[in-house]
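Working notes, beginning with the structure itself.
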Amino acid sequence: MKKFIIAAVLAGISVSASAAEKVRFAMEASYPPFESIGADNKIQGFDIDLANALCKEIQAECSFTNQAFDSLIPSLKFKRFDAVISGMDITPERQKQVLFTQPYYANSALFIAQKGKVADATALKGKRVGVQNGTTHQKYLTDKHPEITTVPYDSYQNAILDLKNGRVDAVFGDTAVVNDWLKQNAELAAVGDKVTDKDYFGTGLGIAMRLQNTELQSKLNAALDKIKQDGTYETIYKKWFQQ
Ligand code: ARG
């Protein structure tokens, strides 16, 4: 049997009895500290460390793919990968299309602008605000703030470049990500209070999978319970959010 397996592996035939479960994750990786491309060209961040810890727990091999945020749910449904971990809010609207794990991070949103240029959120009336395509930020602004011109971008990196160039007056993103931009850019400042409207920003961040995949959902939920209890979650959280 052993000889057969070795021969089969050499011949490139997959041997299911010995193969570990594989979980293919996808994300849009220009969103530090959740996910970004590191100096070694690999995807890094809180979501990656979390996914790796969960995969270790469920004894699966994980892989990570970077692609446009607004294509993540359609591609997941099309089975191009098995799960999305991308700073994604668990919203009632998305729950019609995908299953989520329990929340793994309490999220909120925040505006950012050039220092001294925008007094508060009401001063954004008639102004241009950058958001990423397909995000809860985009939907919230277009639904709730028609008096603001919402400017969609493929990545938040480009939105921030345009904010610095003055092509948009503000950018609207997740609080932890805005805090990261503030650290990198002394000329920028947060505007107004955190936005936590549950209809739009949901109940926290979750890992998404296909509606049928209840097996993976219960495995990941159990693994999340485990790493929250044994301190692994806290270590990863501190590494990315409390430096
Ligand atoms: N939290 C927001 C949402 O769920 C934005 C997430 C953007 N994530 C990213 N990796 N670019 O829509």
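First listed ligand is number 1; within each ligand, the first listed atom is number 1.
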Side chain or backbone, does [X] bring an N or O within less than 3.5 Å of an N or O on ligand 1?
X	answer
Asp174	yes
Thr135	no
Tyr31	no
Leu205	no
Asp89	yes

| note | Restricting to heavy atoms, the pick from Gly45, Ser86, Gly87 nearest atom 8 (N) of ligand 1 would be Ser86
Residue-ligand contact [X]/ligand 1, heavy atom below 4.0 Å:
X	value
Arg94	yes
Phe34	no
Lys139	no

| field | Atom indices of ligand 1 within 4.0 angstrom of Glu35 heavy atoms, with elements | value | 10 (N)
| request: Using a strict 4.0 Å cut-off to heavy atoms of Met88, name the atoms of ligand 1 that fall inside it. | output: 4 (O)
For the residue pair [Y] / [X], report whether a side-chain donor-acceptor contact shorter than 3.5 Å exists.
X	Y	result
Asn66	Glu35	no
Thr122	Asp120	yes
Asp47	Tyr31	no

| task | Evaluate side-chain contact (heavy atoms from CB on, under 4.5 Å) for Phe100 paired with Met88, printing each intermediate quantity in order. | result | CA-CA 10 Å; Phe100 280 101; Met88 187 176 270; 4.1 Å; yes
| Taking NZ, NE, NH1 and NH2 as the nitrogens, is one of them in Asp197 or Lys144 under 4.0 Å from a carboxylate oxygen of the other? | yes
| query | Would you call Arg24-Asp82 a salt bridge at under 4.0 Å N-O? | reply | yes
| If you measure from each non-hydrogen atom of Gln132 to ligand 1, which part falls under 4.0 Å: side chain, backbone, both or neither? | side chain
| note | In this structure, NZ of Lys127 is separated from OG1 of Thr150 (nearest 0.5 Å) by 15.0 Å
| Does Tyr104 reach the main-chain N or O of Tyr233 with its side chain, forming a donor-acceptor pair under 3.5 Å? | no
